Protein chains: 2
Amino acid sequence: MSDPVSGQMAQALDASTPDLSPIEQTPLKVQIADRLRRAIITGKMRPGAVLVETALAEQMNVSRAPIREAIQILESDGLVETVAYKGKRVKPLTVREVTETFEMRQLYEVLAVRRIIAGGVDVQALHRPYADMVEAAEAGDRESLVAGDERFHRTLIRLADHDLLLQTWNSIYMRVHQIMALRNDRKVPLVDIATNHLPIIHALEKRDLEKAVALMSEHTRALNDFDPARIVQDPA
Amino acid sequence: MSDPVSGQMAQALDASTPDLSPIEQTPLKVQIADRLRRAIITGKMRPGAVLVETALAEQMNVSRAPIREAIQILESDGLVETVAYKGKRVKPLTVREVTETFEMRQLYEVLAVRRIIAGGVDVQALHRPYADMVEAAEAGDRESLVAGDERFHRTLIRLADHDLLLQTWNSIYMRVHQIMALRNDRKVPLVDIATNHLPIIHALEKRDLEKAVALMSEHTRALNDFDPARIVQDPA
DNA sequence: GCTTTGTCGATTGTCGACAACATACAATTT
DNA sequence: AAATTGTATGTTGTCGACAATCGACAAAGC
C-alpha cells in the first residue's frame with residue numbers, strides 16, 4: 001500500500017471514508033489565469049513576453065475563448081497589458097513603476113499597522129508565518145521563505161479588518177511578488193530577511209505606533225537598485 | 001447652416017477642411033463596457049441588478065462574446081460581481097463597503113496632497129475645474145457640478161505625479177461616483193459643495209501641509225448616513 | 001537603390017452553435 | 001400534505017468558424 005497509485009485507488013474504493021465534500025467547479029478561464037499568473041509572478045514569463053491566444057490555446061488544449069478571458073483577468077491583475085487589435089503581453093517593468101508599486105504597498109501596510117494599533121487588535125497570528133519564515137531561512141529554502149513572507153503580510157493586512165484594503169493589497173502584491181522574483185537578490189542572507197519581521201511584531205504588541213510605522217515603512221520601502229534591462233536579459 | 005444635420009453634411013462634403021485625423025478603433029467590448037458603466041455609476045442600473053448576457057446581447061444587437069468581455073471589464077472596475085455558472089449582477093453596496101471606499105479614497109487624496117506640497121507643485125490647474133463647479137452650482141446644474149468635481153479631484157491626483165496612484169484612484173472613483181449618484185443628496189446647497197473646494201486650493205498654494213491634509217481629510221471623509229436598503233428601493 | 005503598392009499568413013474580435021449547469025415547476029412517491 | 005424525483009427552460013461556459021486587422025515581405029514603380 002506504499003505505492004501512490006494504489007493508494008489512490010484504495011481510497012476511491014474505500015467506502016468507510018467516502019469523500020462527499022462539495023465539488024468545487026472552477027471555470028477554465030480561472031484555471032488558465034491561475035497558471036499564467038503563476039508563470040508571470042515567478043518570473044518564468046518575462047516582462048514584455050507576448051501572449052498569443054492561438055498558441056496558448058493550442059498549447060493548453062482549450063479553445064480561445066477561455067484564453068481571452070483568462071488574459072483579461074491578468075489584465076485586471078495589472079500583470080498583462082493589451083493593445084486592441086494588436087496583441088497582449090506581460091506588462092514591462094519600469095523603474096518608475098517599481099518605485100510606485102512599492103510606494104503603494106508601503107501606503108497600504110502602514111495603514112494596516114495604524115488600524116491594528118488603533119483597534120487594539122491581537123497580533124498573535126503573525127507569529128506562525130514568522131516562525132515558518134525563520135525555519136525556511138535556516139533551511140536555505142528561498143521559496144518557502146517567500147511564501148511565508150507573503151503569509152505574514154497578508155495576515156497583517158487581514159488583521160486591519162478592511163475588506164477593500166485587503167483586496168487592493170492582494171492585487172498589488174502580485175506585482176510585488178513578480179518584481180521580487182525577477183530581482184532574485186542573493187545578497188541578503190535569508191535569515192536576515194526572516195528575522196527582520198520580528199521587531200515589527202514586537203512594536204505592534206507594544207502598541208508603539210511610531211515605532212511600528214517606522215519599522216514597516218523601512219521594511220517596505222522602495223528598492224532603488226532595480227534595473228529593468230537586466231531583468232529582461234537575465235532569464236535565470 | 002444653423003441646422004445641425006445640414007451642418008454635419010456640409011462638413012462631410014466640404015473638402016476645404018477634411019477630417020484626416022487618426023481613426024480610433026474601439027472594440028465592441030469597450031463600447032459595451034462604457035455604456036454599462038455609465039448606466040451603473042449614474043444609478044440607472046441598481047446595485048443587485050442582474051446582468052443577463054443573452055438579454056443584453058439581444059438588446060444591444062451584438063453577440064454574447066463582447067458582452068461577456070465587457071462585463072469582465074466592469075468586474076475589474078469593481079462595479080459588477082460574477083458567481084461562476086450562475087450569473088452576474090451589479091455589485092450590491094453595503095454600509096461597510098461604502099465606508100471602506102471612502103476611506104481608501106481619502107487615503108489616496110491625502111497622499112496626493114502630501115506629494116503636491118512635498119514636490120512644490122504649482123496647483124494653478126485646480127482653478128479651472130473649481131470655477132466650472134461654481135458656475136454649475138450657481139446655475140443649479142447638478143450634473144455639471146458632479147463632472148466638475150470629478151475633474152477637480154482627478155486634476156489633483158494628476159498633480160501628485162504618480163501613475164499608479166492615478167490608476168488606482170480612477171478605479172475607486174467609479175464606485176465613489178456610483179455611491180454619490182445613488183445617494184443623490186438634495187440637502188446640501190450646490191454652491192456650498194462647490195465652494196468647499198477653494199480652501200483646499202488655498203492651503204495647497206500656501207504649502208500649509210497640516211491644513212491641506214485636514215481640509216482634504218474632512219472633504220473626503222466617509223458618509224455615515226448611508227442606507228443600502230433605501231437605495232435599492234428608490235429608483236429615482 | 002529607394003519608395004510605394006499588393007499579397008499573404010497570422011492573429012485578434014465577433015459570431016452562432018453546442019454542451020454543461022442551474023432553477024422552476026410538474027409529477028410521483030411516501 | 002410533504003418530500004422527492006423528473007422534466008423543461010433559461011443561462012453560462014466553451015467550442016470552432018468567419019470577418020476584420022495587422023505586419024512581413026515580395027513585386028512594381030520611380
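Convention: sequence-line order gives letters A, B, ...; per-chain numbering from 1. Just so it is clear, the structure is predicted and the values come from calculations on it, not from any experiment.
In this structure, A:Thr99 OG1 and A:Met104 CE are separated by 13.5 Å, a value rounded to the nearest 0.5 Å.
Between B:Asp132 and B:Arg128 a salt bridge is recorded (basic side-chain N to carboxylate O distance below 4.0 Å). No salt bridge links B:Asp163 with B:Arg158; every basic N to acidic carboxylate O contact stays at or beyond 4.0 Å. B:Arg114 has no carboxylate O lying under 4.0 Å from a charged side-chain N of B:Glu109, or vice versa, which leaves the two without a salt bridge. Salt-bridge annotation for B:Lys88 and B:Glu75: absent, with no side-chain N of the basic residue lying under 4.0 Å from a carboxylate O of the acidic one. Electrostatic pairing of A:Arg115 and B:Glu103 counts as a salt bridge here, judged by a charged N lying under 4.0 Å from a carboxylate O. Salt bridge annotation for A:Glu81-A:Lys91: absent, with no cationic side-chain nitrogen under 4.0 angstrom from a carboxylate oxygen.
The CD1-P distance, from A:Ile67 to D:dG13, rounds to 16 Å in whole Å. Summarising the geometry, the separation between CZ on A:Arg89 and P on C:dT11 is reported as 17 Å, rounded to the nearest angstrom. Taking atom CD of A:Gln31 as the reference point, atom C1' of D:dG13 lies 12 Å away to the nearest angstrom. Summarising the geometry, the separation between CD1 on A:Ile71 and P on C:dT11 is reported as 13 Å, rounded to the nearest angstrom. Per the geometry, NZ belonging to A:Lys88 stands 14 Å off C1' belonging to C:dA10, to the nearest Å. Between the CD atom of A:Glu53 and the P atom of C:dG13 there is a distance of 6 Å, rounded to whole Å.
B:His177 meets the ring pair (Phe, Tyr, Trp, His ring centres under 6.0 Å) test with no other residue; sequence neighbours excluded.
The aromatic rings of A:His197 and A:Phe152 lie perpendicular to each other, with more than 60° between the two planes, well past the 30° mark.
Listed nucleotides: C:dT11, D:dT11, C:dA22. Nearest to the side chain of A:Thr54: C:dT11.
Taking five base pairs at each end of the helix from C:dG1-D:dC30 to C:dT30-D:dA1, the local helix axes there meet at an angle of 0°, rounded to 10°.
At a threshold of 4.0 angstrom between heavy atoms, the contacts of A:Ile32 with the nucleic acid are absent. Backbone-only engagement by B:Ala84 is indicated by non-hydrogen atom pairs under 4.0 Å involving sugar-phosphate atoms exclusively.
Taking 4.0 angstrom as the limit, B:Lys86 places none of its side-chain polar atoms (N or O) nearer than this to OP1 or OP2 of C:dA20. The shortest distance between the side-chain N/O atoms of B:Gln25 and the OP1/OP2 oxygens of D:dC22 is below 4.0 Å.
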Taking N or O atoms only and anything under 3.5 Å, show me the protein contacts with nucleotides 14-18 of chain D, one pair per line.
unit_1: D:dT14; atom_1: OP1; unit_2: A:Leu28; atom_2: N; d: 2.4
unit_1: D:dC15; atom_1: OP2; unit_2: A:Ser63; atom_2: N; d: 2.6
unit_1: D:dC15; atom_1: OP2; unit_2: A:Ser63; atom_2: OG; d: 2.5
unit_1: D:dC15; atom_1: O5'; unit_2: A:Ser63; atom_2: OG; d: 3.3

